[in-house]
Amino acid sequence: MVGMSKDTIILGIESSCDETACSVVKNGRIIMSDIIASQADFHEQYGGVVPELASRMHVDAVYPCIETALKEAGISLKDVDAVAVTYGPGLVGALLVGLSAAKGICAATGLPLVGVNHLHGHICANYLCFPELEPEFLCLCVSGGNTQIVHVKSYTELEILGRTRDDAAGEAIDKIARVIGLGYPGGPKMDKAGQGGDISAYSFATSHMGDTLDFSFSGIKTNALNIINQSKQKGEEIDIKDFAASYQHHIAKILCDNTMKAVNATGVRKVCLAGGVSANSFLRRAFDEASSAHDIELYYPKLRLCTDNAAMIASAGYFEYINGRRDDLSLNAVPSLKL
Ligand code: KG4
């Protein structure tokens with residue numbers, strides 16, 4: 001039809017950690033299917049992700065996952081415009097499985113291949129939840145391996161304003177969850193354990209990072225370990241509910257205060273949260289309060305899209321694709337890929 005532009009359909013593939021995921025997304029915004037095969041229950045017995053086992057499980061899961069995503073979207077590969085795949089950061093063996101599957105499809109069909117940075121994917125989860133959301137905005141990206149404040153200048157132009165100098169916020173929560181016996185995955189269990197707890201029952205140190213917008217969480221983690229050990233030595237039990245609440249509130253406050261500093265420094269009053277830790281209820285509450293107090297437009301993805309999924313990869317892939325990005329079959333996994 002004259003004047004009607006064609007939809008752009010992206011097949012997204014994600015396998016950077018312990019989720020094999022495939023999704024079909026239209027025009028970067030509309031989810032046609034979103035399939036996730038999680039290995040979390042399997043890795044629970046080891047207390048964390050075992051990389052080699054994760055890779056092998058991705059091998060079994062990846063093609064059925066792709067087939068199901070196409071079927072649920074009601075399309076075939078003929079209807080797809082490009083294949084987007086996570087090529088980093090993540091576990092190298094795990095990344096290679098999704099990447100090989102994507103390259104195989106592109107080699108067989110001639111479809112364009114678009115490599116996606118997993119962290120860019122997390123940011124794009126917001127576009128899937130909020131059809132009206134457009135750059136420019138600030139995004140706090142908080143996952144198991146990363147903590148950074150990103151200035152999203154356009155759909156593909158990102159500038160990092162601040163980052164953690166040591167541990168990621170998610171790691172600081174997961175590690176302490178394990179120490180207090182909550183097990184794996186620590187984040188959701190810690191969140192649940194702290195519900196209704198007293199946020200001022202325990203106090204923790206704050207690392208001051210001078211004039212920068214950087215973070216540091218290793219000192220806070222050590223501080224928490226000391227509190228736990230000292231109470232053990234005294235033969236006392238820590239109160240798990242209060243401890244979990246105080247610790248998460250403290251981390252949430254640091255994340256929120258620094259993001260507000262970034263708002264003041266840039267004058268950008270639109271803020272998004274992204275990554276697995278943005279599912280944390282203490283973090284969401286801190287941002288809900290700060291955004292109403294400071295007149296900030298706040299967005300965070302719905303829970304399913306906060307953690308790893310392929311819809312966000314397809315969305316990021318769409319914006320890269322229309323911006324002209326094409327990768328060839330030599331695209332390799334980059335485990336420590338930066339934004
Ligand atoms: O983004 P993500 O799924 O994986 C990475 O790319 O790292 O983030 C994983 C992190 C873990 O630290 C996990 O404990 C945390 O997100 N997480 C949560 C929740 N779901 C995942 N933290 C708190 N509450 C949750 N519901």
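In each ligand, atom 1 is the first atom listed, and ligand 1 is the first ligand listed.
Ion pairing between a basic and an acidic side chain is recognised when a charged N comes within 4.0 Å of a carboxylate O; Arg56 and Glu52 show such pairing. Ion pairing of Asp34 with Arg304 is present here, as a side-chain N (NZ or NE/NH1/NH2) and a carboxylate O approach within less than 4.0 Å. Arg326 has no carboxylate O lying under 4.0 Å from a charged side-chain N of Asp328, or vice versa, which leaves the two without a salt bridge. A salt bridge is defined here as a Lys NZ or Arg NE, NH1 or NH2 lying under 4.0 Å from an Asp or Glu carboxylate O, and Asp81 with Lys6 meets this definition.
No donor-acceptor contact under 3.5 angstrom links the side chains of Ser231 and Glu236, judged on distance only.
In terms of protein heavy-atom proximity, atom 5 (C) of ligand 1 is nearest to Ser143 CB, 3.6 Å. Closest to atom 26 (N) of ligand 1, if we only count protein heavy atoms, is Ala279 CB, 3.6 Å. The protein heavy atom nearest to atom 24 (N) of ligand 1 is Asp191 OD2, 3.3 Å.
Shown in contact with Val277 at under 4.0 Å from a heavy atom are these atoms of ligand 1, numbered in order with element: 16 (O). Within ligand 1, the atoms closer than 4.0 Å to a non-hydrogen atom of Gly170 are 12 (O), numbered from 1 in the order shown.
Of all the heavy atoms of Pro188, the ones lying under 4.0 Å from any atom of ligand 1 are found in both the backbone and the side chain. The residue Glu171 has no part lying near ligand 1, judged by heavy-atom distances below 4.0 Å. At a heavy-atom distance under 4.0 Å, atoms from both the backbone and the side chain of Thr307 approach ligand 1.
For ligand 1, the polar-atom distance check finds no N/O of Gly275 at less than 3.5 Å from any of the ligand's N/O atoms. Considering backbone and side-chain atoms together, His118 places an N or O closer than 3.5 Å to an N or O of ligand 1. At least one N or O atom of Gly276 sits closer than 3.5 Å to an N or O atom of ligand 1.
With Tyr247 as the fixed residue, the ring pair (Phe, Tyr, Trp, His ring centres under 6.0 Å) test singles out one of Phe282, Phe204, Tyr202: Phe204.
The local environment of NZ in Lys270 is crowded, with over 12 non-hydrogen atoms from other residues, nucleotides or ligands closer than 6.0 Å. Around atom CZ of Arg178, no more than 12 heavy atoms belonging to other residues, nucleotides or ligands sit under 6.0 Å away.
Using 4.0 Å as the threshold, Met190 has no heavy atom nearer than that to any atom of ligand 1. Residue-ligand proximity: Gly145 is placed with a non-hydrogen atom under 4.0 Å from ligand 1.
Residue Asp174 holds the heavy atom nearest to atom 13 (C) of ligand 1 of all those in Asp308, Asp174, Val142, Thr86. Of the candidates Gly187, Gly144, Ala125, Pro89, it is Gly144 that places a heavy atom closest to atom 10 (C) of ligand 1.
The aromatic rings of Tyr155 and Phe319 sit parallel, their planes meeting at an angle under 30°, below the 60° perpendicular limit. Using bins of under 30°, 30° to 60° and over 60° for the plane-to-plane angle, the ring pair Phe215/Phe217 lands in the parallel bin.
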